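In the text below, chain A, chain B and the rest are named by the order of the sequence lines, each starting its count at 1. A quick note: this is a predicted structure, and the numbers were derived from the prediction, not measured.
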There are 4 protein chains.
Amino acid sequence: MRTDRLEAFSDGVIAILITILVLELRPPHGAELSSLRSLYPVFLTYVLSFVILGIYWNNHHHMLRATERINGAVLWANLHLLFWLSLFPFATGWMGRNHFAKWPTVAYGVVLLCAAIAYFILQNVILAEQGPESPLRTAIGRDLKGKASPLIYASAIGLAFVNRWIAVALYVVVALMWLVPDRRLVRIDETAGG
Amino acid sequence: MRTDRLEAFSDGVIAILITILVLELRPPHGAELSSLRSLYPVFLTYVLSFVILGIYWNNHHHMLRATERINGAVLWANLHLLFWLSLFPFATGWMGRNHFAKWPTVAYGVVLLCAAIAYFILQNVILAEQGPESPLRTAIGRDLKGKASPLIYASAIGLAFVNRWIAVALYVVVALMWLVPDRRLVRIDETAGG
Amino acid sequence: MRTDRLEAFSDGVIAILITILVLELRPPHGAELSSLRSLYPVFLTYVLSFVILGIYWNNHHHMLRATERINGAVLWANLHLLFWLSLFPFATGWMGRNHFAKWPTVAYGVVLLCAAIAYFILQNVILAEQGPESPLRTAIGRDLKGKASPLIYASAIGLAFVNRWIAVALYVVVALMWLVPDRRLVRIDETAGG
Amino acid sequence: MRTDRLEAFSDGVIAILITILVLELRPPHGAELSSLRSLYPVFLTYVLSFVILGIYWNNHHHMLRATERINGAVLWANLHLLFWLSLFPFATGWMGRNHFAKWPTVAYGVVLLCAAIAYFILQNVILAEQGPESPLRTAIGRDLKGKASPLIYASAIGLAFVNRWIAVALYVVVALMWLVPDRRLVRIDETAGG
């Protein structure tokens, strides 16, 4: 089984999710500059979720380019990832409207954590199919970022009960950590002639 | 006629439907954990419809990979399937908001039944085009699951008038029955070299 | 310039429009069967618009498969067609909510007419690029259906002022007229080896 | 790295944005012709934003066809452009609903300006990857339109405080300036055999 239709479907879902996010950003009723001001928490959560979905698309893109063949389990692991990503508009909207209140911030973290775990599962299902000497295996190496993300998200969820801004800061930290495209997979692309 | 644009269009529609489903899951007004509790029927119906649409995408993917050529009738049989799938957000929203009330649960079953019949028609239109000795024909074999699904849905619709939870249970049973990717078509993919 | 990205973009827009249409079909507030009854005009307009968009996708698909190369003018003629198609959810929603009242029925006809003219323009821009002996030119021949559709729509708009049901009937007539996939272009696909 | 998945993802996002724009154009409550009249500012802003997004799609299409290879920085510069384009429905809705009031008109200009700058950045990131003698570099030449657009947008934002209609007129001027597809890149396509 080739990866093209899986990539197209995932691209479609992520493209729609990244666009549906913006539906939370409703034009305000007033026409004054001040009416924009109340939108800033919604805007900031929009930017954060846009960046995180962009990172997922980016990493997904690199991972599948280094993938030679897939099986039925990969299709389901991929749908599982898309399920958690599909909850981003919900979690983003709840956190943004409530100005980073405690429970919405926790819920956002839970969605981030589940998506990170789903990505980790997808990666392992793909690796199992590729065999031990695959270029993807070599490229991923120790996968420090992939293992650190869920741990940081789990900590953030716990720390949200102490201070919700610590949680928000940790969500931003993970995003920044991934913003640098994964050099290991990029290298594969280059040596494999992309 | 090749299948690529048909696949791309179907992927697009299913990707949008699976994402529009989540629009029913509105962020609650309160910021407390308890405000999430009232969402659980909407969330459960969302999960169920997400899984069922995922199954359709998966089976559609496998079926068209085993298909060599299509004709105009296939285009229309495919649009007919997409029509019934497009009613998923409506039926899901009605059932979720009304906590699995009788008529919404029946309506959901009717949409599931019509989609299952439309898939069966599409499969037969494709088979007719492929000829009697096609790999798809061999792969589908007796098609027990494809024939059982509409029957179970029809029973569920009838039993919803006795007890709506029986209907919901049967909808879940069909989903679980299909969750295992269709081994017969997967085999084709593998022998055909994907 | 090849047609692949033009096809992909058009598929994307039409897939989204066909799906956004269903957003007009809101789940009713009540959970009784009777609450579905008030939805029937919205449902019927949904079915009509779904079928018409399906016809556009189908014909667009066949036309571009018979097209060898495109230029910048084709890109713009195509966007012009997509613009009028993008007004379908608006016109469908207005007509459905108002139970086929006079002005919404007229507005729906105007959108249908403009889309038909835009399709005619797109076809001619493509034909101009292909040259006089192109397979597409031969296939289209006298193009009776393409010329009749705008005339019927224009008549329907006029007759809506006499009786709106005549207009609705004529919209349905054009849809049925096109439901048969264009045999001429299908023939091309077959002789060209698709 | 090839450009195909980047193009598909960008097409998807732009197709969805161009379609989501129309969601701002709500069917009016009344069924009279007069009830359409109050929609004209929303309709005009819709047309303007549709045309501008169409121009971006068109130019993006031509630029990537003249591009031979991309790297990770291009992926991010592209997501940055998509981010600003994703704010079109918000800015369009705010300006349309408020009949081109001062601040919404300014906000629309800011989104246009940021998108134009993001496109400029994307173009330069791609050029840096292609090397000094690339066909894209030759094709773009002095890039008068690309450099004039942000300047005109910036002027429009300033002049909106004098008279908002000057700003609106300048937005239209830039759109008309670009409506002619970029002859330089088209030429490349043709010489490169598309």
Side chain / backbone / both / neither for [X] at chain C, heavy atoms under 4.5 Å:
X	answer
D:Leu33	both
D:Leu53	neither
D:Leu64	side chain

Measuring heavy-atom distances to chain D, does [X] have an atom under 4.5 Å in its side chain, in its backbone, in both, or in neither?
X	result
C:Leu85	neither
C:Leu79	both
C:Arg97	side chain

[X] side, atom [atom1]; [Y] side, atom [atom2] - distance, nearest 0.5 Å:
X	Y	atom1	atom2	value
C:Ile16	D:Ile16	CD1	CD1	4.5 Å
D:Arg65	C:Arg5	CZ	CZ	9.0 Å
D:Ile55	C:Leu75	CD1	CG	12.5 Å
D:Leu25	C:Ser86	CG	OG	8.5 Å
C:Glu7	D:Asp11	CD	CG	12.0 Å

Task: Shortest non-hydrogen separation from C:Asn98 to D:Pro28 and the atoms involved - done: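 Shortest heavy-atom separation between C:Asn98 and D:Pro28 comes out as ND2-O, 4.4 Å.
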
TODO: Considering non-hydrogen atoms only, spot the tightest contact between D:Ala15 and C:Gly12 and give its length.
DONE: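 Heavy-atom minimum between the residues: CB-C, 4.2 Å.
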
Open item on the list: Quick one, D:Pro27 and C:Met95 - any side-chain contact, counting heavy atoms below 4.5 Å?
Closed with: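 A side-chain contact is absent here, since even the closest heavy-atom pair is not under 4.5 Å.
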
Task: Side-chain heavy atoms of C:Leu87 within contact of D:Tyr46, under 4.5 Å - done: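 Side chain of C:Leu87 against side chain of D:Tyr46, heavy atoms only: contact under 4.5 Å found.
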
- [ ] Kindly indicate, with the supporting measurements, whether the criterion side chain to side chain contact (heavy atoms under 4.5 Å, CB included) is fulfilled by C:Trp76 and D:Leu179.
- [x] CA-CA 9 Å; C:Trp76 284 108; D:Leu179 257 181; 3.5 Å; yes

Task: Whether over 12 other heavy atoms sit under 6.0 Å from D:Phe161 CZ - done: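 Yes, CZ of D:Phe161 has more than 12 neighbouring heavy atoms, counting only those of other groups under 6.0 Å.
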
Task: Heavy-atom pair count under 4.5 Å with chain C, highest-scoring of D:Ile20, D:Val51, D:Thr19 - done: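 Greatest number of close heavy-atom pairs with chain C: D:Thr19.
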
Task: chain C contacts, top residue of D:Ile18, D:Leu36, D:Leu23 (heavy-atom pairs, under 4.5 Å) - done: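 Max contact count across the listed options: D:Leu36.
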
Task: Main-chain N/O of D:Gly30 paired to C:Trp94 side chain as donor or acceptor, under 3.5 Å - done: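 Judged by distance alone, yes, a pair lies under 3.5 Å.
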
Task: Ring-ring centroid check C:Phe90 D:Phe43, cutoff 6.0 Å - done: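 Centroid distance C:Phe90-D:Phe43: not below 6.0 Å, so no.
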
Open item on the list: For chain D, which candidate among C:His80, C:Glu24, C:Lys102 shows the most heavy-atom pairs at distances under 4.5 Å?
Closed with: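 Option with the top pair count is C:Glu24.
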
- [ ] Could you label the plane-to-plane angle of the D:Phe50 and C:Phe83 rings as parallel, tilted or perpendicular, counting under 30° as parallel and over 60° as perpendicular?
- [x]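 Geometry flag for C:Phe83 against D:Phe50: perpendicular rings.
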
